[in-house]
Amino acid sequence: MTVVNDLNMHAPGHEAGAKSSQSAVLDNAHLGDIRGALGSIARDDIAPRATLLARLKTLMAIVGPGLIVMVGDNDAGAFGTYTQAGQNYGTTLLWTLLLLIPVLYVNQEMVVRLGAVTGVGHARLIFERFGKFWGAFSVIDLLVLNALTIVTEFIGITFALHFLGVSQFWGVLASAVIVMLAVSTGDFRRFERFGIVLVFGSLLLVPVILMVHPPVGQIAADFFVPKMPHDAKLSEVMLLIVAIVGTTVAPWQLFFQQSYIVDKRITPRFIRYERMDLCIGIVLVVVGAVAMISFCAAVFAGTPEFGNYTDALGTAVGLEKYAGRLPAVLFALALLDACIIGAAAVSLSTAYAIGDVFAVKHSLHRKPWDAKGFYSVYCGLIVLAAVLVLTPGTPLGLLTNAVQTLAGVLLPSATVFLLLLCNDRHILGPWINSTRLNLFTGAVVAGLVMLSVILTASVLFPDLGEEWIIGILVGGSVLALAVTALVKLYEMSSRRNASFRFKPKPPLFDRDTWRMPPLDRLPPARLSPLSRIWMIVLRGYLVVAAGLVLLRIVQLATVGA
């Protein structure tokens, strides 16, 4: 059933005589009071937060999206990547987390603005502004990648259950039921409280590091001073760095947080509070990642297991062997907690995207019988993942491999679309990116493209040598700078040769109340020459990479991997 998009509303806070604006919101359940896990804000509450107590109460009501999306990203894949870094290379790669903090913030802050200002999800904006090809590509690939990612979450659940001595069959079924029931209550606040409880569960990693007590001075030095592990192959270290980036900055995060902010009914007035929520979430992610790398480095140093990582189950067994039963149990419980919140968040990102694209009811405020398509997609993904994990003979290793590769292919395109959307004045009005932010994000996009190329190439060609990796980094940087400089010179020349240049005075907006008008009232998107060139390059890269990925998966399946 299609949601009628005829929601006329007056933007609160406008001065007398201001014209009413029509909302772009696709589901009227996305309008109303904010009812968060830790507080509520009435829709007509536009009073200034003049006191510290008032601001704190507002933050408590807003907090949730940033915490859930960030902690949800410390999922099964993250546990595997961070523990591998610690077990194989000690704390020498901690500095990568410091470099990723601004990348995490910039990417997710942009979707915060998009969600609060537009009132629609990420997938719908891509469809409307970049056409059906890119829209279909983003949704189909998101669906495939998320489905495989959820499988890896249930693989992590089986590891935790096996170590804890719980039946994997009944444990996986119970986990699937819990994840589905938590979302299917038709009460947004109830789900968010469930998510917040899981967020606090991620802190189980803190007592583990306290019991292992690795050297704090060494951790601090390796966190702030970049260096490479001694006597390690550059190719292997680079691939692990790429994996750390890939597991920390994932495409599903963009789709989930934007739609979740829309569903929570957060408006531009509360963007500053959502940014604080995001910062708290980033702190928790970094604390968890540092803890895993550090206690694995301390526990496995000087043991036969050092440099011979297997999987998260092997980490738990090693913790029990060298640090005791309690730290190992806490680690296994934290892994179980992470996989459950990861499965819920990743499934929701897909259900939100499908609901947005097809304009069907898609809100956690609705009961299952009132949003059948939305809940069917969500529960269907969970059931599919649980069945695949419990089915004997399922190539779980191949699926995990495919997740890493597809994430590497998708990440650059997701970030490029995000950057272009945040420079579309018709979408964000006074909330568009600043020049400084664009420069930083452009550099981040270029870095992510090169890293994703390395990741994709390494999975497809396992014998990739150091020379190729260095060549990709250097050659990609030179090519990106050369193309950007040439296009910028062309744009400057075109402006100088124009018969005249008219710069209208920008209208004055109230940033706290400005919302994007309905999508069908927006003028067509206009891309600059530089943007068009990079879109062509991106399409070519995706075609080649997708073809190579398909070829590699067929090869692995043929040999029975």
Side-chain angles (χ1 to χ4, degrees), residues 71-90 93 97 148-168 171-172 175 198 201-209 211-212 239-240 243-244 246-248 250 285 287-300 303-343 346 385-386 388-390 394-404 407:
V71 175
D73 195 47
N74 259 3
D75 57 359
F79 267 63
T81 301
Y82 297 141
T83 53
Q84 180 182 0
Q87 182 173 337
N88 286 0
Y89 302 111
L93 295 180
L97 300 174
L148 294 177
T149 302
I150 299 165
V151 173
T152 66
E153 309 294 4
F154 277 91
I155 294 174
I157 289 174
T158 62
F159 288 160
L161 294 173
H162 179 78
F163 180 80
L164 295 171
V166 179
S167 167
Q168 294 186 32
V172 167
S175 299
L198 293 178
S202 70
L203 297 177
L204 288 171
L205 293 170
V206 175
V208 177
I209 193 173
M211 285 183 278
V212 173
L239 295 181
L240 186 55
I244 291 174
T247 196
T248 308
V285 163
V287 166
V290 170
M292 283 187 276
I293 293 176
S294 300
F295 65 64
C296 283
V299 166
F300 292 102
T303 69
E305 290 87 353
F306 186 81
N308 297 298
Y309 178 80
T310 54
D311 51 38
L313 176 58
T315 300
V317 172
L319 279 172
E320 182 179 27
K321 180 179 180 181
Y322 297 111
R325 177 68 178 174
L326 181 57
V329 169
L330 291 177
F331 174 79
L333 291 175
L335 173 61
L336 182 62
D337 175 272
C339 293
I340 290 176
I341 190 174
V346 175
L388 285 175
V389 170
L390 293 175
T394 301
L396 300 180
L398 176 60
L399 293 178
T400 303
N401 209 349
V403 168
Q404 292 178 332

With a 4.5 Å cut-off on side-chain heavy atoms, are [Y] and [X] touching?
X: I341; Y: V71; value: yes
X: L164; Y: L333; value: yes
X: D75; Y: T149; value: yes
X: F295; Y: L319; value: yes
X: F163; Y: E320; value: yes

Could you state the interatomic distance from [atom1] ([X]) to [atom2] ([Y]), rounded to the nearest 0.5 Å?
X: N74; Y: S202; atom1: CG; atom2: OG; result: 7.5 Å
X: Q168; Y: F159; atom1: CD; atom2: CZ; result: 9.0 Å
X: L205; Y: L330; atom1: CG; atom2: CG; result: 9.0 Å
X: L313; Y: H162; atom1: CG; atom2: NE2; result: 5.0 Å

Taking it one step at a time, do V172 and L161 satisfy side-chain contact (heavy atoms from CB on, under 4.5 Å)?
CA-CA 8 Å; V172 167; L161 294 173; 4.2 Å; yes
Nearest atoms (heavy-atom pairs only) where [X] meets [Y]:
X: I209; Y: A291; answer: CD1-CA, 3.7 Å
X: A85; Y: I244; answer: CB-CD1, 4.4 Å
X: G318; Y: V299; answer: O-CG1, 4.0 Å
X: P207; Y: L203; answer: CD-O, 3.2 Å
X: G156; Y: A76; answer: CA-CB, 4.2 Å
X: L336; Y: S175; answer: CD1-OG, 4.4 Å

With a 3.5 Å distance limit and no angle check, can you tell me whether [X] reaches the backbone of [Y] through a side-chain donor-acceptor pair?
X: N88; Y: Y309; result: yes
X: T81; Y: A78; result: no
X: Q87; Y: E305; result: yes

Y82 and side-chain contact (heavy atoms from CB on, under 4.5 Å): which partner among V290, L93, T315, L97?
L97
Anything under 30° is parallel, anything over 60° is perpendicular, the rest tilted; go ahead and classify F79 against F331.
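Because their plane-to-plane angle lies in the 30° to 60° range, the rings of F79 and F331 count as tilted.
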Going by distance alone, is a donor N or O of one side chain under 3.5 Å from an acceptor N or O of the other, for Q84 and Y89?
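There is no such pair between these side chains.
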